[in-house]
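The first residue of the sequence shown is numbered 1, and numbering continues consecutively from there. Order of listing sets the numbers, starting from 1, for every ligand and every atom in it. Reckoned from all heavy atoms, side chains included, excluding hydrogens, waters and symmetry mates.
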Amino acid sequence: MYQPDIENMKLPEIRKLQSERFVKMVKYAYDNVPMYKKKFDEAGITPDDIQGLEDAHKVPFTVKDDLRQHYPYGIRAVPLEKIVRMHASSGTTGKPTVVTYTEQDMDTWTTLMARCYSSAGVVKGDIVQNCYGYGLFTGGLGFHYGAEKLGATVIPISTGNTKKQLMMLKDMQSTVIACTPSYALYLAEAAEKEGYNAKEDFNIKVGMFGAEPWSEEARKRIEDSLGIKAYDCFGMSELYGPGVAVECKEQNGLHIWSDEFLVETIDTDTGEVLPEGEKGELVFTMLTREAMPLLRYRTKDLAVINYEQCACGRSHPRIMRIKGRSDDMLIIGGVNVFPSQVEHVLMNIKGVGDQYLIIIDRDILDSMHVQVEVTPELFNSPDYDPAGFAKKLEGELQAVLTVRARIELMDPGTLPRSEGKAKRVHDKRKA
Ligand code: DLL
């Protein structure tokens, strides 16, 4: 599903296409979604004020709460009979947010997913073991239909049942695995425990990992333990699902499929559009979405966008890895801490296992405490000095975070493992 005519468009051509589509989409949303008419009226503008990308900043933002307020059938530009699919994201509080798709939307999404696979080197003939959850979550069906469209063979195993996953990896000789990066780490660990030699018994070449933040260090661990190439895939249910952006063979940033998505980076506090290359909140407009147009949707995901030409030949701008979400940020005694920083520090240290849990407590002052598993090698080594090792981790964390974190070393295999998105933070202040 490599589409060179689209994937190799140069930036000025991409911008031209985006500009045309953006103007059309603004009018479509205004004419067909009462919420947008209202937002435009309140902002004192009409679609005629939007003549190209240079006017994008005038268009009001859309936020997650707009979706919640339109429960159950969402922000919709078409009658219900045109909807062929719905998904929903599990809201942590109250009702889920529902997203809908027309036949054309399904076709766009599936094509984007096929493009993602192909960008990671997956071809017809590959066997894709799809361990993303099937159901309301977009991961399972997104990766499923994309693989079929490419002509690959899909094993729709969904999440969980790790022993069976391992058996299938061996017996079916799956060449591609699709799951969250935290589950990939767990699978590698479980394989060893169950007596498999991942590199010899399995035939996996490529991993399609996403749905949660992960670090370069986690990538190294996954690639080394499974003997594969691990590619980062980004998306969210509001933007079809997975398939918004993916890495290419360079593994140096995720190309945003810019024929379908316009991305901007804004200052989370002021909403100001930031100059190219500055880290900020990603704001997306879907350029051809039929059922559920979203204009300037604030994602809360924080990243830097790189607009330079990539060595792979593509000019579609790249997300230089999602650093976390603005609502993931922990404020500990006034200092901002992202869980991804903790992972980055810990996973660089030999002897630290793949699992950790950040616990925030409020005593008199906020305190941060990190449970960290040690590797079986360190745990069984005669030189293992838990007090000294904990002190070393505390020192390295403090040097980067500037706040003190108490380390509690855990025996291998004692922290909970995740089958989907990992839960790495337990903030008792929110209890
Ligand atoms: O997680 C869609 C998806 C499925 C993407 C499978 C990739 C693979 P949601 O459940 O709506 O959709 O969650 C979206 O997950 O706003 C990010 O905060 C986070 N996220 C998704 N992909 C990545 C990634 C799916 N590669 C939210 N790196 C997004 C970091 C990611 N965070």
> Is any N or O atom of Thr299, backbone or side chain, closer than 3.5 Å to an N or O atom of ligand 1?
Replying inline: no

> Is Asp327 salt-bridged to Lys64, cutoff N-O under 4.0 Å?
Replying inline: no

> So is Met208 in contact with ligand 1, going by heavy-atom distances below 4.0 Å?
Replying inline: no

>> I need the nearest protein heavy-atom contact for atom 20 (N) of ligand 1: residue, atom name and distance, please.
In response: Ala211 C, 3.6 Å

>> Under a 4.0 angstrom heavy-atom cut-off, which atoms of ligand 1 come close to Met236?
In response: 11 (O), 12 (O), 14 (C), 16 (O), 29 (C)

>> Is it the case that ligand 1 has an N or O less than 3.5 angstrom from some N or O of Asp301?
In response: yes

>> I want to know if ligand 1 touches Asp232 in the polar sense, i.e. an N/O pair below 3.5 angstrom.
In response: yes

>> Is there a polar contact between ligand 1 and Glu212, counting only N or O atoms under 3.5 Å apart?
In response: yes

> Can you tell me how far CG of Leu112 sits from OH of Tyr117, rounded to the nearest 0.5 angstrom?
Replying inline: 13.5 Å

> At what distance is the nearest protein heavy atom to atom 13 (O) of ligand 1, and which residue and atom is it?
Replying inline: Lys421 NZ, 2.9 Å

> Which of these passes salt bridge (Lys or Arg N to Asp or Glu O under 4.0 Å) with Glu247: Arg314, Arg219, Arg318?
Replying inline: Arg219

>> Would you say that more than 12 heavy atoms from the other residues, nucleotides or ligands in this model lie under 6.0 Å from the NZ of Lys38, or not?
In response: no

> Is it the case that more than 12 heavy atoms not belonging to Glu13 sit under 6.0 Å from its CD atom?
Replying inline: yes

> Do any nitrogen or oxygen atoms of Leu254 come within less than 3.5 Å of a nitrogen or oxygen of ligand 1?
Replying inline: no

> Any N or O of Gly139 that comes nearer than 3.5 Å to an N or O of ligand 1?
Replying inline: no

>> So that I can tick it off, tell me whether Asp31 and Lys27 are bridged by a salt bridge, with the cut-off set at under 4.0 angstrom between side-chain N and carboxylate O.
In response: yes

> Would the number of heavy atoms belonging to other residues, nucleotides or ligands and lying under 6.0 Å from NZ of Lys300 be above 12?
Replying inline: no

> What atoms of ligand 1 come within less than 4.0 Å of a heavy atom belonging to Thr138?
Replying inline: 2 (C)

> Of all the atoms in ligand 1, which lie at a distance below 4.0 Å from a heavy atom belonging to Gly235?
Replying inline: 2 (C), 5 (C), 12 (O), 14 (C), 21 (C), 22 (N), 25 (C), 29 (C)

>> Please list the nearest protein heavy atom to atom 4 (C) of ligand 1 with its residue and the distance rounded to 0.1 Å.
In response: Phe137 CZ, 3.6 Å

> Ala152 and Val123: which non-hydrogen atoms are nearest, and at how many Å?
Replying inline: CB-O, 4.1 Å

> With a cut-off of 4.0 Å, which atoms of ligand 1 are near a heavy atom of Phe143?
Replying inline: 6 (C), 8 (C)

>> Please determine whether the number of non-hydrogen atoms from other residues, nucleotides or ligands lying under 6.0 Å from atom NZ of Lys170 exceeds 12.
In response: no

>> At less than 4.0 angstrom from any non-hydrogen atom of Ser237, what atoms of ligand 1 do you find?
In response: 9 (P), 11 (O), 12 (O)

> Does atom NZ of Lys58 have more than 12 heavy-atom neighbours from other groups under 6.0 Å away?
Replying inline: yes

